[in-house]
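Taking it in order: structure first as structure tokens, then the write-up.
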Amino acid sequence: MTDQDLGGRRVLTIVTNYGVEQDELVVPVRHLRDAGATVDIAAMSNDPIRTLVGDKDPGETVRPSLTLPEVDPDGYDLLLVPGGTLNADTLRLQDATPDIVRSFTTAGRPVAAICHGPWALVESDVVRDRTLTSYASLRTDIRNAGGTWVDEPVVRDDTGGWTLITSRTPDDLDAFLREIDKELSPADV
């Protein structure tokens, strides 16, 4: 858990209703809520979110807070984009996804994406001239979108007026969450 007090901070998580990698959704949401942050989960519909473990085994079921079309990104301090191959591939094709992502980046608010989550960033055309990591199979997509892909547990890129935090897999969640905590923590801590 965290010793950070993130009370008053609001995080938006965007996913689809099927295929999100369980630990990439559940672990960060619990961690942030335990630290006092308000975390909303936006999905394609109000139906339960069926997570998967390793892209194949059934995982926990999670209730969304709202739908992607209902999202008003202005009320949030950070955007969290979990992976899972099926989730990320479907999420990037939703009309609301690029609008939500670009709302954060143009306003200078941070985005954190893990595993296949950066596909939403590629689709939103926000990785150009950025350094990031992801699941290894995305490296060519990231390079083709003008980004620099590196193989590291967590990458923080503060260029371009907004912070981008990325990680490769659920194995990197500790490092990923440490960077998110730093980003959301009050400056005087």
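- With values rounded to the nearest 0.5 angstrom, Cys115 atom SG is found 8.0 Å from Leu138 atom CG.
- Distance check, rounded to the nearest 0.5 Å: CG of Leu184 to CZ of Arg10 gives 12.5 Å.
- Results of the side-chain contact (heavy atoms from CB on, under 4.5 Å) test with Val27 over Ile114, Leu173, Leu32 single out Leu173 as the only residue that passes.
- Legend: residues meeting salt bridge (charged side-chain N to carboxylate O under 4.0 Å, His left out) with Arg33, ordered by chain and number and at least two apart, are absent.
- Side chain of Thr90 to backbone of Asn87: no donor-acceptor contact under 3.5 angstrom is found.
- Screening residues 46-61 for salt bridge (Lys or Arg N to Asp or Glu O under 4.0 Å) gives Arg30-Glu60 as the qualifying pairs, with residues at least two apart or on separate chains.
- With sequence neighbours excluded, no residue satisfies side chain to side chain donor-acceptor pair (under 3.5 Å) with Thr133.
- Among pairs with a residue in residues 80-93, those fulfilling salt bridge (Lys or Arg N to Asp or Glu O under 4.0 Å) read Asp89-Arg92, at least two apart in sequence or across chains.
- Partners of Val127 according to the side chain to side chain contact (heavy atoms under 4.5 Å, CB included) rule, which considers only residues two or more places apart in sequence or in another chain, are Leu121, Val122, Leu132, Ala145.
- When atom types are taken as modelled, the side chain of Glu24 and the backbone of Gly83 share a donor-acceptor pair closer than 3.5 angstrom.
- The side chain to side chain contact (heavy atoms under 4.5 Å, CB included) test applied to Arg178 returns Asp174, Ala175, not counting sequence neighbours.
- Listed by first then second residue, pairs satisfying ring pair (Phe, Tyr, Trp, His ring centres under 6.0 Å) with a partner in residues 86-143 read His116-Trp119, His116-Tyr135, not counting sequence neighbours.
- Atoms CD1 and OG1, on Ile14 and Thr67 in that order, are 12.5 Å from each other to the nearest 0.5 Å.
- Leu86 belongs to a hydrophobic cluster whose remaining members, ordered by chain and number, are Tyr18, Leu52; membership requires side-chain heavy atoms of ILVMFWY residues under 4.5 Å apart, directly or through intermediates.
- Applying the side chain to side chain donor-acceptor pair (under 3.5 Å) criterion to Ser167, with sequence neighbours excluded, gives no partner residue.
- Residue pairs satisfying the salt bridge (Lys or Arg N to Asp or Glu O under 4.0 Å) criterion with at least one member in residues 143-165, sequence neighbours excluded, are listed as follows: Arg130-Asp157, Asp151-Arg168, Arg156-Asp158, Arg156-Glu179, Arg156-Glu183.
- Listed by first and then second residue, the salt bridge (Lys or Arg N to Asp or Glu O under 4.0 Å) pairs involving residues 63-75 are Asp74-Arg109 (not counting sequence neighbours).
- Listed by chain and number, the residues in a side chain to side chain donor-acceptor pair (under 3.5 Å) with Trp162 amount to none (sequence neighbours excluded).
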